[in-house]
Peer 1: 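Below are the structure tokens for one structure; questions will follow.
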There are 2 protein chains.
Amino acid sequence: MTIKVHGIPGSTCVARVLLCLQEKGLEYDIVQLDVMAGEQKQQPYLSINPFGQIPAFEDGDVSLFESRAINKYLANKYKDVGTNLLQSASFLESTVIDLWMEVESQQFNPPMSTIIKQTLVNPIFGKPTDQKIVETELAKLGEVLDVYEERLSKNKYLAGEHYTLADLHHIPYLVYFMKSPRATVVTSRPHVSAWWDTISSRPGTVKVSSEMKF
Amino acid sequence: MTIKVHGIPGSTCVARVLLCLQEKGLEYDIVQLDVMAGEQKQQPYLSINPFGQIPAFEDGDVSLFESRAINKYLANKYKDVGTNLLQSASFLESTVIDLWMEVESQQFNPPMSTIIKQTLVNPIFGKPTDQKIVETELAKLGEVLDVYEERLSKNKYLAGEHYTLADLHHIPYLVYFMKSPRATVVTSRPHVSAWWDTISSRPGTVKVSSEMKF
């Protein structure tokens, strides 16, 4: 039984799961959907992701959605395969991974997803980019990355000395963001920039990001 | 050593942690901050929450932030005390709790937090309420609650038969939302409404919500 990921490789949330599968060295099939035609908003797709979003995920009898929850499942279920993405030597270290996964979800993702939506997604759908929103969210992102800069000046990775889901979850949006003129928000912060160089050059990241196109 | 929660009881993110502490029956002190004066944006507070937000949390030597990460810590560290908020009989049940915690974080929280910010927070700071944003986010919230309605027609709680963090994390924003004229978005959906009646009448919820005021 091969793992199935429903979606398209250019989607940031799909890519988040593919990055995890690559780190694990697990085989998977991508079940492509016609997203532009709204296939994800119709049955039978809604029976595996009731929110009508990509990805949806199947591993034998297990059917899941929400990229970060899928990755936690993969990291725990296949703990001894490939990269240990929740590596911790104690309950406290495990808590620190949870904490930095929450930071990605609550601090980094809201401004970053808005910037990408405004600058990359809106034009595809013929909608204008609201530059005022972009500037506001870039300022918020800069403040978040100031905290990362301090954190990464003392730790190689966000949760400590190991590459974990807390780092991996940041990659998909950064793949697009780093190709934009605004990448200086990252490159102007030496430790954040070095962290990005490290995590973006992992073989799994190189493979998944090479297929990320709008 | 008593647990310390830095913040104010009216903050939704602080209340999220207090709800968990109440379910656990743990003693705690609330260390009040002058949020209106921006005390949370200054040292020494920034040393315990570098993002300058409330809450921050201390349990002996353990110092944390991000309400959902704090609650996972509490639920795991004090698993055998009070309500088991991550109760599962299998790895798959545990995965389902993670999934519905992610749904709260990624589907419910974005529209709900925007609605509360526009309708309750903005007026306090003398900012106008943008009714167009409110209507857009109310429509998104309604679509999310349609999925909840289906889910709760088959399960007493979001993750299944037990009250978990996946339910608890929804409570703080709903406490304010249910006092507003827009509460019909919840009450018009019978299973969501019954779920709210159940989780809002828990003794811990009654205690924490009685102290939630702007």
Side-chain angles (χ1 to χ4, degrees), chain A residues 13 16 41 46-47 49-53 56-57 59-79 90-110 113-114 133 140 143-151 159 166 169, chain B residues 13 16 41 46-47 49-53 56-57 59-79 90-110 113-114 133 140 143-151 159 166 169:
Chain A
C13 293
R16 195 173 287 119
K41 301 285 182 194
L46 288 174
S47 67
N49 186 341
F51 291 99
Q53 297 167 342
F57 171 91
D59 182 11
D61 290 343
V62 176
S63 173
L64 293 172
F65 48 95
E66 290 295 335
S67 60
R68 294 167 184 83
I70 295 166
N71 283 358
K72 279 186 230 173
Y73 164 85
L74 287 168
N76 283 307
K77 171 93 179 179
Y78 300 102
K79 192 179 171 185
S90 65
F91 172 62
L92 191 56
E93 283 188 16
S94 176
T95 295
V96 172
I97 299 173
D98 275 342
L99 167 57
W100 286 93
M101 287 170 75
E102 280 301 316
V103 167
E104 180 278 324
S105 178
Q106 299 297 326
Q107 307 289 343
F108 174 87
N109 191 68
S113 62
T114 304
I133 292 176
K140 284 187 200 167
E143 288 180 17
V144 171
L145 294 183
D146 282 341
V147 178
Y148 282 37
E149 180 66 11
E150 168 70 12
R151 175 82 186 158
H169 286 179
Chain B
C13 294
R16 194 172 288 118
K41 303 283 182 195
L46 288 174
S47 67
N49 186 341
F51 291 100
Q53 297 168 341
F57 171 90
D59 182 12
D61 291 342
V62 177
S63 173
L64 293 172
F65 49 95
E66 289 295 335
S67 60
R68 294 167 184 84
I70 296 166
N71 283 357
K72 279 186 231 172
Y73 164 86
L74 287 168
N76 283 308
K77 171 96 179 178
Y78 300 100
K79 192 177 172 185
S90 66
F91 171 62
L92 191 56
E93 282 187 19
S94 176
T95 295
V96 172
I97 298 172
D98 276 340
L99 167 57
W100 286 92
M101 286 170 76
E102 280 300 316
V103 168
E104 181 276 326
S105 177
Q106 299 297 327
Q107 308 289 341
F108 174 87
N109 190 67
S113 61
T114 304
I133 292 177
K140 284 187 201 167
E143 288 180 19
V144 171
L145 295 183
D146 281 342
V147 178
Y148 282 36
E149 180 66 12
E150 169 71 12
R151 174 83 188 158
H169 286 178

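Chain identifiers are assigned alphabetically (A, B, ...) following the order of the sequence lines, protein sequences preceding nucleic acid strands; residue numbering begins at 1 within each chain.
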Peer 1: What part of B:Gln53 lies closer than 4.5 angstrom to a heavy atom of chain A: side chain, backbone, both or neither?
Peer 2: side chain
Peer 1: What residue pairs, at least two apart or across chains, pass side-chain hydrogen bond (donor to acceptor under 3.5 Å, both in side chains) with a residue in residues 62-71 of chain B?
Peer 2: A:Gln107-B:Glu66, B:Arg16-B:Ser67, B:Arg68-B:Glu104, B:Arg68-B:Asn109, B:Asn71-B:His169
Peer 1: To the nearest 0.5 Å, how far apart are CD in A:Glu150 and CG in B:Leu46?
Peer 2: 10.5 Å
Peer 1: Find the one option among B:Asp98, B:Val96, B:Leu92 whose heavy-atom pairs under 4.5 Å with chain A are most numerous.
Peer 2: B:Asp98
Peer 1: Could you state the interatomic distance from CD1 (A:Ile70) to CD (B:Glu102), rounded to the nearest 0.5 Å?
Peer 2: 10.0 Å
Peer 1: For atom NZ of B:Lys41, is the number of surrounding heavy atoms from other residues, nucleotides or ligands below 6.0 Å larger than 12?
Peer 2: yes
Peer 1: Is chain A contacted by the side chain of B:Val144, its backbone, both, or neither, given a heavy-atom distance below 4.5 Å?
Peer 2: both
Peer 1: With the side chain counted from C-beta on, respond yes when A:Gln106 and B:Ser105 share a heavy-atom pair under 4.5 Å apart, and no when they do not.
Peer 2: yes
Peer 1: Walk me through it: do B:Val62 and A:Thr95 pass the test side chain to side chain contact (heavy atoms under 4.5 Å, CB included)?
Peer 2: CA-CA 10 Å; B:Val62 177; A:Thr95 295; 5.5 Å; no
Peer 1: Answer with side chain, backbone, both or neither: which region of A:Phe91 has an atom nearer than 4.5 Å to a non-hydrogen atom of chain B?
Peer 2: side chain
Peer 1: Tell me, for A:Val103 versus chain B, whether the close heavy atoms (under 4.5 Å) come from the side chain, the backbone, both or neither.
Peer 2: both
Peer 1: Counting only heavy atoms closer than 4.5 Å, note whether B:Leu99 contacts chain A via side chain, backbone, both or neither.
Peer 2: both
